[in-house]
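Fair warning: this is a prediction, and the values are worked out from it, not measured in the lab.
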Amino acid sequence: SLRFDDIRPTGRVIRNLITVGALVSFVLTSAAAVGILGLNLALAVQLGAVLVVTGPTVIGPLLRHVRPSGNVDSILRWEGILIDPVGATLAVLVFDAILIGDVERALGPTLVAVVVVAVTGIAVGWVGGIVLVQLLRRYMIPDYLQSAVTLMAVVALFVLSETVRHESGLLATTVMGIVMANQRSVSLRRIVEFKENIGVLLISVLFILLAARLRIEDLTALGGETVLFIAVLLFVVRPAAVLASTYGSPLTTGERVFLSWMAPRGIVAAAVASVFALRLEAAHMPQAELLVPLTFAVIVATCAIYG
């Protein structure tokens with residue numbers, strides 16, 4: 001659903017949001033986690049990486065309900081989808097750096113890993129998207145099998161990319177979707193409808209499964225500092241990221257304010273936090289048990305307040 005025609009006037013803003021804006025969010029969130037929540041530096045940086053992502057599965061329904069005018073609709077849709085692989089990859093690299101234990105020694109391998117993951121994900125996703133489009137265009141896939149074959153292709157592409165380079169699969173499938181959305185030779189109506197239906201089912205199941213790790217006591221034990229931390233995310237971190245990303249852009253003040261007030265976290269933040277909490281607990285990281293409750297508290301609060 002990400003078409004380049006929709007973002008020609010605002011492409012620079014989207015690029016800045018997933019680069020400069022993500023960096024601002026990462027640094028400020030990590031600092032707030034240390035200063036307000038009292039987390040150790042390693043866990044604070046891991047939480048900052050996890051909370052870089054917003055939530056396309058949450059932003060999409062909100063935008064359909066609000067139907068904003070101007071450029072903000074396309075900006076938020078592109079940011080919400082593209083920031084997921086960026087944030088998830090950042091979380092992986094931060095985790096690797098934590099395990100190495102030496103920031104200076106981790107910096108070089110981390111930068112190399114970022115480049116390799118990006119190149120692998122983009123290349124595999126681009127080729128996979130072109131191949132699937134050609135199969136559809138040449139009628140080698142019957143109409144009634146388009147959705148099933150596409151789902152199979154997405155899973156296969158993810159596995160292939162992960163096999164070539166660990167943690168590149170999410171980026172590869174995202175690029176594959178963009179390639180398919182911007183071709184003009186075949187209709188994707190059936191696939192898009194199927195995507196909407198299966199998305200609702202899968203995301204609902206995932207939220208239940210991931211939240212099942214939590215106990216009510218985990219959330220109630222967080223205390224007032226968590227409320228202050230969330231307030232900083234809402235009123236400091238997101239506005240600062242948007243301000244840095246939209247500097248010099250043609251966006252109006254109203255559009256900037258709207259962008260500053262739309263950053264709910266969703267399923268990717270929950271999934272990534274759950275994975276790394278297990279890994280950090282296995283590595284005996286102090287306070288690792290707080291990662292999932294804090295992330296879910298942010299998800300619940302941001303979805304409710306922004307909504």
Side-chain angles (χ1 to χ4, degrees), residues 1-7 14 53-67 73-88 121-163 167-211 264-272 274 299 303 307:
S1 59
L2 298 182
R3 300 184 182 277
F4 290 124
D5 292 341
D6 298 336
I7 62 158
I14 296 169
V53 301
T54 55
T57 54
V58 184
I59 289 176
L62 288 177
L63 292 177
R64 280 196 295 270
H65 179 72
V66 176
R67 289 178 290 181
D73 185 276
S74 61
I75 291 174
L76 287 169
R77 289 183 190 278
W78 274 82
E79 181 203 10
I81 293 176
L82 295 181
I83 199 70
D84 276 354
V86 172
I122 292 172
V124 174
W126 192 273
V127 172
I130 292 174
V131 169
L132 184 56
V133 168
Q134 290 302 313
L135 293 175
L136 292 169
R137 189 174 71 84
R138 297 173 187 275
Y139 303 103
M140 298 178 71
I141 302 173
D143 289 348
Y144 70 95
L145 287 179
Q146 284 186 359
S147 297
V149 172
T150 300
L151 178 59
M152 179 202 70
V154 169
V155 175
L157 189 84
F158 180 90
V159 173
L160 173 62
S161 188
E162 287 282 319
T163 302
E167 302 300 347
S168 65
L170 183 56
L171 178 58
T173 52
T174 303
V175 172
M176 178 185 182
I178 294 174
V179 170
M180 295 188 68
N182 288 278
Q183 55 79 34
R184 302 180 185 275
S185 56
V186 295
S187 171
L188 301 178
R189 181 177 56 82
R190 288 186 179 86
I191 296 172
V192 171
E193 289 176 357
F194 175 73
K195 181 263 297 183
E196 294 291 339
N197 293 330
I198 198 172
V200 171
L201 294 173
L202 289 177
I203 291 163
S204 302
V205 171
L206 278 173
F207 263 124
I208 293 171
L209 290 175
L210 294 171
R265 273 61 170 187
I267 194 65
V268 172
V272 172
S274 299
I299 292 171
C303 289

Donor-acceptor contact present, side-chain [X] to main-chain [Y], <3.5 Å:
X: Arg3; Y: Ala181; value: yes
X: Thr173; Y: Leu170; value: yes
X: Glu79; Y: Ile14; value: no

Is the closest side-chain heavy-atom distance between [X] and [Y] below 4.5 Å?
X: Glu193; Y: Glu196; answer: no
X: Trp78; Y: Ile178; answer: yes
X: Ile141; Y: Leu132; answer: yes
X: Val159; Y: Leu157; answer: no
X: Thr150; Y: Lys195; answer: no

With rounding to the nearest 0.5 angstrom, report the [atom1] to [atom2] distance, [X] to [Y].
X: Leu76; Y: Ile81; atom1: CG; atom2: CD1; result: 11.5 Å
X: Gln146; Y: Ser187; atom1: CD; atom2: OG; result: 7.5 Å
X: Arg265; Y: Cys303; atom1: CZ; atom2: SG; result: 9.5 Å
X: Leu136; Y: Leu188; atom1: CG; atom2: CG; result: 7.0 Å
X: Ile198; Y: Phe194; atom1: CD1; atom2: CZ; result: 4.0 Å
X: Ile122; Y: Ser168; atom1: CD1; atom2: OG; result: 10.5 Å

How far apart are the closest heavy atoms of [X] and [Y], and which atoms are they?
X: Arg67; Y: Arg64; result: CG-O, 3.3 Å
X: Ser185; Y: Val133; result: OG-CG1, 3.6 Å
X: Ile299; Y: Phe207; result: CG2-CE2, 4.3 Å
X: Val58; Y: Gly266; result: CG2-CA, 4.1 Å
X: Phe158; Y: Gly169; result: CD1-C, 3.4 Å
X: Ile83; Y: Val53; result: O-CG1, 3.6 Å

In sequence, state the C-alpha distance, the side-chain angles, and the governing distance for Leu209 and Val205, and then conclude on side-chain contact (heavy atoms from CB on, under 4.5 Å).
CA-CA 6 Å; Leu209 290 175; Val205 171; 3.8 Å; yes
Using the rule given for side-chain contact (heavy atoms from CB on, under 4.5 Å), can you reason through Val179 versus Ile130, listing the C-alpha separation, both sets of side-chain angles and the distance that settles it, and then say yes or no?
CA-CA 7 Å; Val179 170; Ile130 292 174; 4.2 Å; yes
